Amino acid sequence: MSPTMDFDLKERVRMAFDIVDVIGSHLELRPQGRAFVARCPWHNDNRPSLQVNPQRQTWKCWVCDIGGDLFSYVMQRDGVTFPEAMKTLAEKAGIEIQQSNKPKPKPGGPEDKAALLAAVSFAAQAYFDFLEHDSAAAGARDYLAQRGIDDDSRRRFQIGYGPDQWSWLLEAAKKAGHSPEVLRAAGLVVQRNESAGHYDLFRGRVMFPIADLQDRLISMGGRIIPGADPEKAGAKYINGPETLLFSKSRQLYGMNLARAAMQKSGQVLVMEGYTDVIAARQAGIEPVVAVLGTALGEQHIEILRRFVDRVVLVLDGDEAGRRRADQVLELFVGANVDLRIITLPGGADPAEFVTEYGAAALIELADNAPDALDHKLASLVDGIDLTRDTHQATRALEKMLQVIATGGNRNQLRTGQMLLRLSRTFGFPADDLRGQLDALIQRHRQRPVPAYDRVTIGEAAAIKTIAAPLPTLNGVERELFEIMIEQPELAATALEQIDAAWLQTETARLLLAVYRDLEIEGHSLDFDSVLVALDNEPLKNRYVSLGDAIQQRAGFASPSPEERYASLITRFQATQLRVDANRKLARLQDQRIDEAEGDELLQNIITAQRLRQSLR
């Protein structure tokens with residue numbers, strides 16, 4: 001891993017983009033299954049051989065044998081180094097890069113992310129233990145029972161309770177070695193205005209830890225218990241503030257648990273509260289997440305569309321829910337995703353609906369949910385006679401065109417389809433609507449095109465990215481890393497058991513070193529995390545090839561990763577025994593050793609041979 005590029009910064013930049021959009025803005029992509037293909041600009045490509053994987057956020061040209069992630073593509077396209085590609089993308093995303101000459105955060109201080117992560121983890125466990133064991137949390141336990149949340153869900157989501165005391169967490173954390181400054185930087189305590197010191201942010205609330213995609217706890221959310229004095233307790237829900245770890249516009253509650261189910265189903269249900277997600281999962285609906293104290297935004301959509309093709313926004317059936325439905329049409333216009341909306345009947349929230357009607361009823365609503373345009377149209381024309389109420393019909397049409405114009409015509413196919421639907425609804429010629437829309441779009445276009453977007457493929461193709469060749473993995477090494485990609489839990493086991501000296505190629509040893517660095521720094525060992533950590537472009541290309549090979553054989557019967565790993569370890573051990581035996585045999589043939597040492601070496605060789613036979 002590069003010492004000058006922070007892992008979390010690279011992850012933030014990567015998450016700010018969809019690789020399909022970046023590549024699609026320069027190459028003509030066409031769908032092929034759940035992936036996309038394009039003609040590679042770096043060789044004479046008559047048949048599209050450049051593949052883009054939206055789930056893994058990777059690309060690969062098998063003819064050129066190049067590929068990687070978002071950064072790799074920009075480097076190859078623009079002929080720049082990794083830091084230059086990183087800077088370009090960060091500026092485009094509005095993300096500040098800390099200069100290398102700035103002092104590094106003091107370990108254990110308020111700018112040390114490891115210290116903040118440890119503080120949030122401590123708080124979550126403390127709140128959980130209080131709810132589990134303290135009599136003062138009886139009201140919170142009763143509330144969860146009334147909401148139908150069982151003990152398994154309470155433990156799975158690590159739900160806790162923050163006692164109604166001003167400094168309960170502050171004092172407990174101090175004893176555990178977490179300073180008030182770190183707790184404040186982690187969003188757990190607040191600095192007093194009129195006097196020195198701090199106090200707990202969450203008091204008298206049921207607590208919901210918030211995790212990122214690497215399963216790290218990064219913030220907390222709290223809900224008051226019904227019946228509490230609203231003037232004293234404050235808002236019903238409180239999420240932790242923006243911190244070095246947490247940004248509510250980029251995080252979704254339950255995303256770490258829903259990720260696998262989302263990729264499998266191709267769909268996600270987005271809800272508005274923690275208990276909605278918990279109730280849905282408890283009922284058996286796994287691809288479900290929730291926003292965190294903010295409306296569903298463009299950055300949320302960008303993250304979700306990497307895992308799914310279809311996003312279903314599940315809104316409460318109250319007036320506020322209907323208003324939020326109107327606000328998401330702009331997202332539908334601008335995002336290349338199938339965005340659907342459910343407004344639940346009878347003013348119910350998702351948890352209440354699932355409890356009363358069951359999971360099957362909610363799934364049926366999701367399967368038949370209208371898209372955002374139909375939902376908005378239905379609300380605008382409700383009660384309007386489109387053939388007689390000319391003035392109201394015209395105003396409704398103008399509102400629709402204004403909303404579509406904010407999307408900037410980024411998806412011409414979708415825009416054309418929407419105009420046809422408006423034409424049928426309001427009886428206006430589609431060509432006339434197109435003219436009005438183009439005029440509105442021109443008014444919205446005030447932002448200059450960045451130089452990043454002006455680099456042509458022809459210019460980039462003339463620039464060669466220089467990279468040292470890496471040897472090809474042998475069969476055993478390839479098997480090892482494919483297992484580690486398929487089953488990240490086994491990766492940690494492999495790091496304990498695999499000796500780098502067992503690996504024959506520099507490629508394998510470099511890749512194993514990246515895994516070790518991630519484990520030491522406390523990051524996840526999944527495919528995305530390793531891809532972010534890789535700065536060596538040829539190595540990244542090899543890693544992407546491994547991931548693609550795994551996906552290509554998905555669905556074919558084969559031994560489980562655990563069975564293949566056990567067999568692999570046996571092969572490694574047998575190989576090592578053979579190497580040791582050969583070394584001892586060479587020593588035995590050395591005429592300078594004495595008889596006693598020779599006898600011992602011979603006995604060791606015999607023992608090793610028997611062990612090799614037993615391993616076979």
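Everything numeric here is computed off the predicted structure, so don't read it as measured data.
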Ser529 and Ser524 have their tightest heavy-atom pair at CB-O, 3.2 Å

Using the rule given for salt bridge (charged side-chain N to carboxylate O under 4.0 Å, His left out), can you reason through Arg564 versus Glu486, listing the C-alpha separation, both sets of side-chain angles and the distance that settles it, and then say yes or no? CA-CA 11 Å; Arg564 287 157 51 209; Glu486 286 183 82; 2.9 Å; yes

Subject >> Side-chain touch Ile210/Leu292, heavy atoms, less than 4.5 angstrom >> reply: yes

task: Would you check if the side chain of Glu477 reaches a backbone N or O of Asn474 as a donor-acceptor pair within less than 3.5 Å?
output: yes

Distance col, row Cys40:SG vs Ile66:CD1, nearest 0.5 angstrom, shows 5.0 Å

Glu84 versus Thr81, side-chain donor and acceptor atoms under 3.5 Å | yes

Quiz item: Counting only heavy atoms not in Arg30, do more than 12 fall under 6.0 Å of its CZ?
Solution: no

Thinking salt bridges, do Asp21 and Arg305 make one under a 4.0 Å N-O criterion? yes

Separation between CG (Asp526) and CG (Asn256), nearest 0.5 Å, reads 11.0 Å

So CD1 of Ile285 and CD1 of Ile363: to nearest 0.5 Å the spacing works out to 4.0 Å

Query - Sub-4.5 Å side-chain heavy-atom contact between Thr507 and Leu539 - result: yes

Residue pair Pro54 / Arg34, side-chain heavy-atom distance below 4.5 Å | no

How about Asn541 and Lys60: does a side-chain donor come under 3.5 Å of a side-chain acceptor? yes

Nearest heavy-atom approach of Gly240 to Phe246 is O-CE2, 3.2 Å

* Would you call Asp45-Arg39 a salt bridge at under 4.0 Å N-O? -> no

Evaluation steps, side-chain contact (heavy atoms from CB on, under 4.5 Å), between Gln125 and Gln158 = CA-CA 8 Å; Gln125 187 63 49; Gln158 204 174 346; 3.4 Å; yes

Side chains of Glu562 and Gln487, donor plus acceptor under 3.5 Å: yes

request  = Verify, without hydrogens or angle tests, whether Arg478 (side chain) and Leu473 (backbone) share a donor-acceptor contact under 3.5 angstrom.
outcome  = no

Legend entry - Test ring pair (Phe, Tyr, Trp, His ring centres under 6.0 Å) applied to Tyr543 and Phe481, step by step: CA-CA 9 Å; Tyr543 191 67; Phe481 290 109; 7.9 Å; no

Considering only NZ, NE, NH1 and NH2 on the basic side and carboxylate oxygens on the acidic side, decide whether Arg250 and Asp212 come within less than 4.0 Å. no

TODO: Using only heavy-atom distances, determine whether the side chains of Ser545 and Asp548 contain a donor-acceptor pair under 3.5 Å.
DONE: no

All heavy atoms of Val289 vs all of Ala258, minimum pair found to be CG1-CB, 4.0 Å

Quick one, Tyr253 and Phe157 - any side-chain contact, counting heavy atoms below 4.5 Å?
yes

Please report the C-alpha distance between Val530 and Val514 in whole Å, then the side-chain angles of each, then the deciding distance to 0.1 Å, and finally whether the side-chain contact (heavy atoms from CB on, under 4.5 Å) criterion is met.
-> CA-CA 7 Å; Val530 177; Val514 172; 4.3 Å; yes

Discussion item. For the backbone of Tyr515 and the side chain of His523, can you confirm whether one donor and one acceptor N or O come within less than 3.5 Å of each other?
Written reply: no

Original post:
Side chains of Ser247 and Ser249: donor-acceptor distance under 3.5 Å anywhere?
Top reply: yes

Less than 4.5 Å apart, side chain to side chain, heavy atoms only: is that true for Asp338 and Val311?
no

**Request:** Would you check if the side chain of Glu496 reaches a backbone N or O of Thr493 as a donor-acceptor pair within less than 3.5 Å?
**Result:** no

Q) Do the side chains of Pro41 and Leu27 get nearer than 4.5 Å, heavy atoms only? A) yes

Smallest heavy-atom separation, Val52 atom then Leu50 atom, equals CG2-CD2, 3.8 Å

Next on the checklist: One thing to verify: whether Glu11 and Arg14 come together as a salt bridge, which I'm taking to mean a side-chain N less than 4.0 angstrom from a carboxylate O.
Outcome noted: yes

task = Could you check whether the rings of Phe208 and Tyr274 sit parallel, tilted or perpendicular, using 30° and 60° as the cut-offs?
result = parallel

- prompt: Take atom CD in Glu506; do more than 12 heavy atoms of anything else shown fall under 6.0 Å from it?
  reply: yes

Checklist line | Worked check of side-chain contact (heavy atoms from CB on, under 4.5 Å) between Leu490 and Met484 | finding: CA-CA 6 Å; Leu490 285 175; Met484 292 170 75; 5.9 Å; no

Output yes when Asp535 and Lys540 qualify as a salt bridge under the 4.0 Å nitrogen-oxygen rule, no when they do not.
-> no

Here the gap from Gln251 atom CD to Gln299 atom CD, rounded to the nearest 0.5 Å, amounts to 10.5 Å

d(Asn53 CG, Ile19 CD1) to nearest 0.5 Å is 9.0 Å

Here the pair of heavy atoms bringing Leu116 nearest to Gly109 is CD1-O, 4.1 Å

**Message:** Is it the case that the side chain of Ser265 and the backbone of Ala261 share a donor-acceptor pair, with hydrogens and angles ignored and the cut-off at 3.5 Å?
**Reply:** yes

d(Leu245 CG, Leu217 CG) to nearest 0.5 Å is 10.5 Å

Side chain to side chain contact (heavy atoms under 4.5 Å, CB included) with Phe307: of Gln57, Lys264, Met255, Gln55, only one passes, and it is Met255

Q | Any Tyr73 side-chain heavy atom under 4.5 Å of His26 side chain | A | yes

*Pi-cation contact, Phe527 with Arg56 (under 6.0 Å, within 45°)*: yes

Is a donor from one side chain sitting under 3.5 angstrom from an acceptor on the other, for Gln497 and Tyr565? yes

Got a donor-acceptor contact below 3.5 angstrom from the Ser567 side chain to the Glu563 backbone? no

Nearest heavy-atom contact between Ala491 and Leu525 is CB-CD1, 3.9 Å

I'd like to know if the side chain of Arg516 reaches the main chain of Leu495, judged simply by a donor and an acceptor atom lying under 3.5 Å from each other, with no hydrogens or angles considered. yes

- Query: Would you say Ser153's side chain and Ile278's backbone share a donor-acceptor pair under 3.5 angstrom?
  - Reply: no

TODO: Verify side-chain contact (heavy atoms from CB on, under 4.5 Å) between Thr472 and Thr505, making sure each step is shown before the conclusion.
DONE: CA-CA 7 Å; Thr472 303; Thr505 68; over 6 Å; no

Within the distance-only criterion (no hydrogens, no angle test), does the side chain of Trp59 pair as donor or acceptor with the backbone N or O of Asp69 below 3.5 angstrom? yes

4.5 Å side-chain heavy-atom contact, Met262 and Gln267: no

